[in-house]
Engineer: 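Got a structure for you, written out below as structure tokens; questions coming shortly.
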Amino acid sequence: MGMAKKYDVVVVGSGFGGSITALRLAQAGRSVAVLERGRRYNPGQFPRDVTRADELLWRNPIRPEARGLYDVRFLSGIGTVTASGVGGGSLVYANIHVRPDPIVFDHPRWPRGFSREALDPYYDKVAHELDVKPFPASDPLRKRDLFQQAARRMGRQTFDPDQAVSWTEPSAPGRKACQRCAECEFGCQSGAKNTLDLTYLARAEKLGATVWPGLSVSHVQRVAGGYRVHFKDLATGEKTSVEGSRVVLSAGALGTVEILLRSRDRARTLPLVSDWLGRGYSGNGDFLGSLHGSREEILPWEGPDVATVMRFFDAAPRFTMVTATFNRPATAVLAGLGQPQLGLLGGMGAPLWPKLWPLLHGAFAKGLFSKPLGTGVDPARTSNLFAIGQDNANGHMVLKGDRLDIEWDYANENVALVNRMTSAMHELASQYGGTFAPLVTWELFRRPFTVHSLGGAHLAESPGRGVVSTEGEVFNYPGLYVADGSVIPTSIGFHPVMTISAVAERIAEAVAHGF
């Protein structure tokens with residue numbers, strides 16, 4: 001069955017915002033089409049051979065045939081990693097669902113009416129749909145216990161976050177319970193993760209919503225009775241379009257802002273989008289480091305990627321910290337990279353930064369990441385350290401040619417945050433009797449890497465302060481909505497997906513009421 005010419009609702013993207021919108025609008029009896037640039041992955045189909053770089057990495061101008069799971073970008077001010085596939089970021093996130101502290105919403109950028117209390121009913125909806133619960137406290141898990149002991153010695157509180165995982169019982173045919181193999185961020189081969197393609201989106205499809213993979217949206221145009229969404233079929237190269245009386249952009253902070261910038265400034269089909277578009281981007285303070293030489297074995301590859309969160313929310317700049325862990329082969333490769341400390345030479349690689357994508361693709365293809373480079377480090381005594389903080393959310397998203405870029409002097413604007421995070425990581429490493437070093441890309445390039453892109457199309461009470469209304473509707477364009485991380489006006493400082501999802505539930509409710 002081919003695509004219809006017009007739907008009640010066209011949703012762009014199938015991540016948290018898009019899947020939630022698709023289900024709620026299908027439940028409201030609307031015809032829904034979901035356009036997704038990536039492919040559909042079933043459990044067992046995720047790439048594991050890292051030498052097949054085109055299956056691992058998403059398209060880059062120099063390599064359009066790469067249509068893999070990870071979209072890695074080396075942008076001027078920051079490196080970003082997002083996912084490409086039906087289910088979006090849920091395919092490769094660590095399953096962590098945290099309701100942030102109320103203080104996060106006290107920031108003046110959050111419009112009136114957005115508070116932890118006001119969002120709680122929507123958090124409840126997400127928790128119900130994704131069946132979230134913490135890793136079973138009674139099950140032994142060495143890395144969790146060691147992390148909690150270290151936190152106690154540091155005088156820090158921890159909590160075991162809710163996770164969208166079937167820990168024990170398989171939840172459906174073709175799906176197994178969690179195998180505790182720390183492959184959450186590589187795509188779960190057993191189907192234990194309650195990813196969006198298996199939850200919200202599957203329910204939407206049962207109600208008649210259709211998902212169209214392999215379609216990349218370029219821009220949106222206002223037409224009589226709604227909007228026309230222009231896209232390219234990546235398999236055939238054919239350019240075509242579909243209309244929706246309502247259109248919801250949920251292509252993630254990078255994708256949605258790129259589509260809106262192109263629509264406003266290149267195609268000029270949405271000339272009245274607010275000047276705020278692209279401002280206030282945040283990497284959610286993501287900062288990576290490593291712990292080597294622990295006196296006790298950590299066995300990072302046992303269990304889920306993350307089991308416990310340590311809080312540093314007692315004073316600004318606030319953040320949380322976890323040990324982000326991967327399966328045994330990936331841990332061995334990371335351990336083999338060592339812990340280079342460049343000292344005064346830090347940042348010397350900066351001119352190379354924008355040229356790193358082809359080098360990365362080549363390194364995977366040649367097998368440089370398929371086995372450890374060095375063997376002097378015991379992988380069982382290592383862990384990745386991952387801090388998530390309240391950065392100043394001051395990145396500026398712009399189009400350069402036809403590509404999105406982000407300008408941001410991150411290192412200088414977020415000195416206090418980076419210092420507090422690195423000193424906490426040093427302190428944690430010493431609790432383990434080990435050593436700490438920041439991610440090598442920080443040492444070489446003084447650029448952070450984020451897996452949590454937020455902002456650029458902020459919620460606001462007026463177009464003078466943001467891009468979309470408190471209902472998620474684009475100012476000056478009735479019937480055009482945004483529901484994804486781009487509407488979040490500040491850094492969260494916790495894993496952000498629960499908040500993105502709760503806000504998307506709230507916006508989906510508004511879209512349904514708006515008919």
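Every value quoted in this text rests on a predicted model; they were computed, and no experiment measured them. Only heavy atoms go into these numbers, but all of them, side chains included; no hydrogens, no water, no symmetry mates.
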Engineer: If every non-hydrogen atom of Ala251 is compared with every non-hydrogen atom of Thr256, which pair is closest and at what distance?
Structural biologist: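 Heavy atoms only, the tightest pair is N-OG1, 2.9 Å.
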
Engineer: Evaluate side-chain contact (heavy atoms from CB on, under 4.5 Å) for Ile388 paired with Phe312, printing each intermediate quantity in order.
Structural biologist: CA-CA 10 Å; Ile388 295 175; Phe312 293 81; over 6 Å; no

Engineer: Using a strict cut-off of less than 4.0 Å between a Lys/Arg side-chain nitrogen and an Asp/Glu carboxylate oxygen, indicate whether Asp197 and Arg40 qualify as a salt bridge.
Structural biologist: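 Salt bridge: no.
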
Engineer: Does a donor on one side chain and an acceptor on the other come within less than 3.5 Å for Ser486 and Tyr281?
Structural biologist: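 On atom types as modelled, these side chains do not qualify, holding no pair under 3.5 Å.
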
Engineer: Where do Trp408 and Ala393 come nearest, in terms of heavy atoms and distance?
Structural biologist: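 Minimum heavy-atom separation between Trp408 and Ala393: CZ2-N, 3.9 Å.
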
Engineer: Working note: Phe449 + Phe74, criterion ring pair (Phe, Tyr, Trp, His ring centres under 6.0 Å); need CA distance, chi angles, decisive distance, verdict.
Structural biologist: CA-CA 9 Å; Phe449 243 100; Phe74 298 89; 5.6 Å; yes

Engineer: Could you tell me if the side chain of Ile78 sits less than 4.5 Å from the side chain of Thr450, heavy atoms only?
Structural biologist: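 Yes, close enough: below the 4.5 Å cut-off.
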
Engineer: Please list all pairs meeting side chain to side chain donor-acceptor pair (under 3.5 Å) that have one or both residues in residues 232-246, counting only residues at least two apart or in different chains.
Structural biologist: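 Checked against side chain to side chain donor-acceptor pair (under 3.5 Å) - neighbours excluded - the pairs reaching residues 232-246 are Arg228-Glu243.
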
Engineer: Run the ring-centre check on Phe105 versus Phe114 and record whether the distance is less than 6.0 Å.
Structural biologist: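 Judged by ring-centre distance (under 6.0 Å), Phe105 and Phe114 do not meet the cut-off.
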
Engineer: Say you draw a straight line from CG of Leu23 to CG of Leu207; how long is it, rounded to the nearest 0.5 Å?
Structural biologist: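 Going from CG on Leu23 over to CG on Leu207, the span is 6.5 Å.
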
Engineer: I'd like to know if Asp305 pairs up with Lys143 as an ion pair, taking the criterion as any Lys NZ or Arg NE/NH1/NH2 lying under 4.0 Å from an Asp or Glu carboxylate oxygen.
Structural biologist: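 Not counted as a salt bridge, because no side-chain N and carboxylate O are separated by less than 4.0 Å.
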
Engineer: What's the shortest heavy-atom distance between Pro489 and His458, and which atoms?
Structural biologist: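 The answer is O-CE1, 3.4 Å.
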
Engineer: Would you call Cys181 and Asn327 a side-chain contact if the rule is heavy atoms closer than 4.5 Å?
Structural biologist: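 A side-chain contact under 4.5 Å is absent here.
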
Engineer: Tell me which one of Arg73, Arg403, Arg37 satisfies salt bridge (Lys or Arg N to Asp or Glu O under 4.0 Å) with Glu258.
Structural biologist: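 In the set Arg73, Arg403, Arg37, the residue that makes a salt bridge (Lys or Arg N to Asp or Glu O under 4.0 Å) with Glu258 is Arg73.
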
Engineer: Rounded to the nearest 0.5 Å, what separates atom OG1 in Thr325 from atom CG in Asn384?
Structural biologist: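 These two atoms lie 7.5 Å from each other.
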
Engineer: Does CZ in Arg465 sit with more than 12 non-hydrogen atoms of other residues, nucleotides or ligands closer than 6.0 Å?
Structural biologist: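 No, the 6.0 Å shell around CZ holds no more than 12 heavy atoms from other groups.
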
Engineer: Please name the residue in the list Leu196, Val86, Val211 that meets the side chain to side chain contact (heavy atoms under 4.5 Å, CB included) test with Ser19.
Structural biologist: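 That would be Leu196; it is the only one of Leu196, Val86, Val211 passing the side chain to side chain contact (heavy atoms under 4.5 Å, CB included) with Ser19.
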
Engineer: Does Glu505 pair with Arg24 as a salt bridge, N-O distance under 4.0 Å?
Structural biologist: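 Here Glu505 pairs with Arg24 in a salt bridge, since their nearest N and O are under 4.0 Å apart.
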
Engineer: CG/Leu454 to OG/Ser282 distance, rounded to the nearest 0.5 angstrom?
Structural biologist: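 Nearest 0.5 Å value for the CG-OG distance: 5.0 Å.
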
Engineer: Taking atom types as modelled and ignoring hydrogens, do the side chains of Asp484 and Ser250 form a donor-acceptor contact shorter than 3.5 angstrom?
Structural biologist: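 No - no donor-acceptor pair under 3.5 Å links their side chains.
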
Engineer: Give the C-alpha distance, both sets of side-chain angles, the deciding distance and a yes or no for side-chain contact (heavy atoms from CB on, under 4.5 Å) between Tyr227 and Leu270.
Structural biologist: CA-CA 10 Å; Tyr227 294 88; Leu270 300 175; 4.2 Å; yes

Engineer: Checking His361 against Asp54: is there a side-chain donor and acceptor pair closer than 3.5 Å?
Structural biologist: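 Checked: Asp54/His361 side chains pair up, N/O donor to acceptor below 3.5 Å.
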
Engineer: Whether Arg144 engages the ring of Phe135 as a cation-pi pair (distance to the six-membered ring centre under 6.0 angstrom, angle to the ring normal within 45°) should be assessed.
Structural biologist: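 Negative - Arg144 is either too far from the ring of Phe135 or too far off its axis.
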
Engineer: Going by heavy atoms in the side chains, are Ile96 and Gln163 under 4.5 Å from each other?
Structural biologist: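 Contact flag for Ile96/Gln163 side chains = yes.
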
Engineer: Main chain of Gly479, side chain of Glu473: is a donor-acceptor contact present, judged purely on distance under 3.5 Å?
Structural biologist: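 Looks like yes, one N/O pair under 3.5 Å.
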
Engineer: Hey, do the aromatic rings of Tyr70 and Phe364 have their centres closer than 6.0 Å?
Structural biologist: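 Not close enough - the centres of the two rings lie 6.0 Å or further apart.
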
Engineer: Verify, without hydrogens or angle tests, whether Ser263 (side chain) and His219 (backbone) share a donor-acceptor contact under 3.5 angstrom.
Structural biologist: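 It does not hold such a pair.
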
Engineer: Are Thr210 and Tyr7 close enough that some pair of their side-chain heavy atoms sits under 4.5 Å apart?
Structural biologist: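 Side chain of Thr210 against side chain of Tyr7, heavy atoms only: contact under 4.5 Å found.
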
Engineer: Of the non-hydrogen atoms in Val333 and Phe369, which two are nearest, and what is the gap between them?
Structural biologist: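 Looking at all heavy atoms of both residues, the closest pair is CG2-O, 3.4 Å.
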
Engineer: I'd like to know if the side chain of Asp49 pairs up with that of Thr51 as donor and acceptor (distance under 3.5 Å, no hydrogens or angles considered).
Structural biologist: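 Yes, because at least one side-chain N or O of Asp49 sits under 3.5 Å from a partner of the opposite role on Thr51.
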
Engineer: On the ring face of Phe46, is Arg48 found with NZ or CZ under 6.0 Å from the centre and within 45° of the axis?
Structural biologist: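 Negative - Arg48 is either too far from the ring of Phe46 or too far off its axis.
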
Engineer: Within a strict 4.5 Å, meaning less than it, do heavy atoms of the Gln390 and Ile103 side chains meet?
Structural biologist: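 Of all side-chain heavy-atom pairs linking Ile103 with Gln390, none is under 4.5 Å.
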
Engineer: Does atom CZ of Arg279 have more than 12 heavy-atom neighbours from other groups under 6.0 Å away?
Structural biologist: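 No, CZ of Arg279 has 12 or fewer neighbouring heavy atoms, counting only those of other groups under 6.0 Å.
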
Engineer: Taking atom CZ of Arg39 and atom OG of Ser84, what is their separation to the nearest 0.5 Å?
Structural biologist: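 Reported to 0.5 Å precision, the distance equals 11.0 Å.
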
Engineer: Would you compute the distance between atom OG1 of Thr82 and atom NE2 of His452 and round it to the nearest 0.5 angstrom?
Structural biologist: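 Here the interatomic distance stands at 12.0 Å.
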
Engineer: Evaluate side-chain contact (heavy atoms from CB on, under 4.5 Å) for Val474 paired with Val482, printing each intermediate quantity in order.
Structural biologist: CA-CA 7 Å; Val474 178; Val482 176; 3.9 Å; yes

Engineer: If you measure from the Lys or Arg side-chain nitrogens to the Asp or Glu carboxylate oxygens, is any gap between Arg116 and Asp101 under 4.0 Å?
Structural biologist: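 No salt bridge links Arg116 with Asp101.
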
Engineer: Before you tell me yes or no, could you show the steps for Val9 and Val11 under side-chain contact (heavy atoms from CB on, under 4.5 Å), namely the whole-Å CA-CA distance, both residues' side-chain angles and the distance that decides it to 0.1 Å?
Structural biologist: CA-CA 6 Å; Val9 186; Val11 179; 3.9 Å; yes

Engineer: For the residue pair Val34 and Gly13, what are the closest heavy atoms and their distance?
Structural biologist: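 Closest heavy-atom pair between Val34 and Gly13: CG1-O, 3.6 Å.
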
Engineer: Side-chain contact, heavy-atom cut-off 4.5 Å: His495 with Tyr93?
Structural biologist: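 Not in contact.
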
Engineer: Find the distance between CZ (Arg99) and CZ (Phe494) and round it off to the nearest 0.5 Å.
Structural biologist: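 Those atoms lie 13.0 Å apart.
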
Engineer: Do the side chains of Thr21 and Ile507 get nearer than 4.5 Å, heavy atoms only?
Structural biologist: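 Contact flag for Ile507/Thr21 side chains = no.
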
Engineer: Kindly write out the residues that satisfy ring-ring contact (aromatic ring centres under 6.0 Å, His included) with Phe231, not counting sequence neighbours, or none if the list is empty.
Structural biologist: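 Per chain and number, Phe231 pairs via ring-ring contact (aromatic ring centres under 6.0 Å, His included) with no residue.
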
Engineer: Looking at Glu65 and Arg63, is there a salt bridge between them, counting it only when a charged N and a carboxylate O are closer than 4.0 Å?
Structural biologist: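 Yes.
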
Engineer: Do Asn476 and Val273 have side chains that get closer than 4.5 Å, going by heavy atoms?
Structural biologist: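 Contact flag for Asn476/Val273 side chains = no.
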
Engineer: For the residue pair Pro478 and Arg222, what are the closest heavy atoms and their distance?
Structural biologist: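 Looking at all heavy atoms of both residues, the closest pair is CD-NH2, 3.5 Å.
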
